[in-house]
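Here the structure is laid out as structure tokens; the discussion comes afterwards.
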Amino acid sequence: MRWSRYFINTLREVPADAEVISQRLMMRAGMIRKVAAGIYTYLPLGLRSIKKLELIVREEMNRAGSAELLMPAIQPAELWMESGRWQKYGKELLRIKDRHDRDFVFGPTHEEVITDTVRDTINSYRRLPINLYQIQTKFRDEVRPRFGLMRGREFIMKDAYSFHSSRESLDETYETMRAAYSAVFHRCSLDHVPVEADTGAIGGSASHEFMVLAQSGEDAVVSCPNCRYGANVEKATSKFFDDEVEPPASQAVAEVHTPGTQTIDDVGRFLGMPTSKLVKTLVFQADEGPVMVLVRGDREGNEVKIKNHLGTNRLDLLAGEGLFWATEFERQTGGPIGYCGPVGTKCARVLADHSLQGRSRWIVGGNKKDMHLDYAAPGRDFPEPEYGDFTTAIKGDPCVRCGTPLEIYRGIEVGHIFKLGTKYSDSMHCDFLDESGERKPMIMGCYGLGIGRTVAAAVEQSHDDDGIIWPMPIAPFEVVVTSIGKDESVLRTATEVYENLLAAGIDAFFDDRDERPGVKFKDADLIGFPLRIAVGAKSLAQGQIEWSWRKDRAKLLGPPADVVASVIEGVRAGRL
RNA sequence: CGGGGUGUAGCGCAGUCUGGUAGCGCACCUGCUUUGGGAGCAGGGGGUCGGAGGUUCGAAUCCUCUCGCCCCGACCA
């Protein structure tokens with residue numbers, strides 16, 4: 001392709017709303033263009049990278065035994081009502097009506113459609129397992145889309161679904177898919193790590209996320225430098241506990257006057273004790289009503305873990321801004337804000353983080369204004385709480401597996417795989433007959449991979465001050481041939497070089513514009529072609545042209561034929 | 001949904017307070033010079049100032065409503 005005939009416009013200035021590097025660079029390089037919040041056009045250059053990644057994904061999916069199909073983006077509401085997600089999914093689900101006033105959704109994911117398809121097609125264990133995938137545009141009406149392709153509302157995703165007659169069969173496919181994902185990201189030269197994850201709205205038992213480590217990542221992951229344990233912080237467990245011996249719990253519970261101490265920090269300061277010795281009380285509104293969660297004073301409650309423990313759809317922290325809420329808070333919990341605690345609470349359920357289990361001295365809110373209780377004892381002064389893991393792991397916590405202090409990194413979630421189990425096959429009656437003729441629900445897995453997000457992640461991970469540095473396999477073009485000046489021999493040689501590369505099956509781009517060299521070089525760096533060949537009058541007079549890698553910019557000279565041969569070799573080696 | 005901000009040429013912005021011919025830089029077009037890391041000079045084209053209503057002799061500017069977009073939070077995977 002020749003630049004002079006291509007649809008591309010690089011920007012010297014950065015669009016004001018571009019927040020992260022990948023978004024800035026992709027917009028400046030003329031790869032994407034924002035049309036509405038979280039909705040982008042993939043311009044020709046950007047689409048080439050997208051298509052190249054799709055091809056890699058196809059190859060790996062096909063190799064893993066998954067068969068490609070394409071489901072509709074628009075789905076009838078009935079299927080979502082059947083699975084129960086019409087009610088459960090919330091406002092992220094874009095609901096639309098057709099001219100007959102019938103309800104539809106623009107698919108954010110396709111469990112319903114695929115389950116419907118398979119249940120009508122497969123009835124026997126003999127036909128299982130089945131693994132299907134598609135690459136398609138999805139829509140999730142995110143509250144706050146941002147970061148360009150990293151968190152769009154409309155986005156391209158590869159989603160795969162597998163159906164099994166047994167857990168073992170699912171486990172096997174899950175492993176195959178996990179390997180396939182690693183292969184995809186490896187081929188894109190992405191530094192990635194699979195981590196344990198929460199299953200969220202999709203549901204199911206086990207789940208892993210594939211994280212590309214990057215400063216701009218929206219997720220925090222914990223990672224054990226010793227045993228490679230990795231997990232999303234929403235899920236990550238650690239085994240911190242009280243490390244100081246406490247006096248025995250023989251003391252009777254005692255009221256402590258603590259005036260004007262609304263926060264846990266206030267209480268700690270007032271009593272002259274570290275917050276880790278105090279008990280922090282959180283109250284959430286759950287499906288079943290107010291629920292109290294006790295955590296160590298220096299820790300944060302983890303809503304995802306609490307939600308999973310309770311099995312509730314709704315979980316809102318009861319907070320007391322304003323008079324109405326303060327009154328309401330006290331009415332529901334039996335204690336004023338800042339002083340609420342488990343002793344005599346109105347909350348039906350009381351949960352406590354396992355780090356509190358066995359603690360002998362509990363300092364808790366007294367459910368009276370300006371009053372805390374010291375030496376409160378579970379089982380004596382208040383009912384034994386339900387213990388569990390309800391806090392978020394932090395840097396330095398001991399690893400659950402080996403005890404090594406954990407590290408925390410930021411990551412971009414580029415893939416997410418789930419063992420769904422029978423969540424959808426139960427509700428939607430996707431059954432099969434087993435060897436003994438018994439009807440059973442199929443066991444399912446599902447596997448998502450964000451195409452646009454992965455491309456953006458590659459840019460986040462590979463760039464410098466001048467622009468993108470594409471990994472060869474997803475570069476929009478592998479080589480740019482840059483002609484310098486209008487000299488006829490320069491143009492002739494550059495054209496020859498370009499055509500020879502094309503003939504060899506190389507994705508070459510010819511910057512044939514009548515522009516100054518500086519402009520062409522800056523643009524080439526910005527777009528990030530892995531290789532560049534420059535043909536200029538001075539060196540051509542010596543029978544030489546120049547080539548260089550974008551990564552290190554070291555310039556190499558040679559006769560045109562040799563340079564072409566070297567570049568072809570370089571491209572092939574970089575393709576993986 | 002709550003709080004804050006913003007909307008003026010394809011992009012980045014000034015002008016708004018204090019009403020009076022709509023500006024600057026980049027990009028674009030023409031000419032001359034220039035030509036190995038985003039050139040110089042000269043000339044030029046491009047705007048319903050987000051939209052609707054109002055006040056006024058006169059509105060980008062003041063008032064009301066509305067829409068979009070951005071940021072923080074909540075939310076979501």
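Letters A, B, ... are given to chains in the order of the sequence lines, protein chains preceding strands, and every chain is numbered from 1.
Spacing of C1' atoms, B:U61 relative to B:U56, comes out at 13 Å, to the nearest Å. A distance of about 12 Å separates the P atoms of B:G19 and B:C63, rounded to the whole Å. On the P atoms, B:U16 is 26 Å away from B:G53, given to the nearest whole Å.
The distance from atom CG of A:D511 to atom C1' of B:G38 is 13 Å, rounded to the nearest whole Å. Rounded to whole Å, the distance from CD on A:E218 to P on B:C72 is 10 Å. Per the geometry, CD belonging to A:E515 stands 13 Å off C1' belonging to B:U34, to the nearest Å.
In this model, the phosphate group of B:C70 is not approached by any side-chain N or O of A:R146 to a distance below 4.0 Å at OP1 or OP2. In this structure, A:R516 reaches the B:A39 phosphate: one of its side-chain N or O atoms is under 4.0 Å from OP1 or OP2. For B:C11, neither phosphate oxygen OP1 nor OP2 lies less than 4.0 angstrom from any side-chain nitrogen or oxygen of A:R28. Applying the 4.0 Å criterion to OP1 and OP2 of B:C70, one finds that A:K34 has a side-chain N or O inside that range.
Residues A:V14 and A:K538 each lie close to RNA chain B; by heavy-atom proximity, the contact nearer the 5' end of the strand is made by A:V14. Judged by closest nucleotide on RNA chain B, A:G518 is the one of A:G518 and A:D219 placed further toward the 5' end.
For A:E13 against B:G25, a side-chain-to-base donor-acceptor contact under 3.5 Å is present.
Between the side chains of A:T392 and A:N302, at least one donor-acceptor pair of N or O atoms lies under 3.5 Å.
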List, one per line, each side-chain donor-acceptor pair under 3.5 Å for residues 5-12 of chain A, sequence neighbours excluded.
residue	atom	partner	partner atom	Å
A:T10	OG1	A:D523	OD1	2.8

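Nucleic acid contact class of A:N9 (heavy atoms, under 4.0 Å, all strands): none. Contact annotation for A:G485: no contact, since no heavy-atom pair falls under 4.0 Å across all strands.
For the segment residues 451-470 of chain A, no residue has any heavy atom less than 4.0 angstrom from an atom of RNA chain B.
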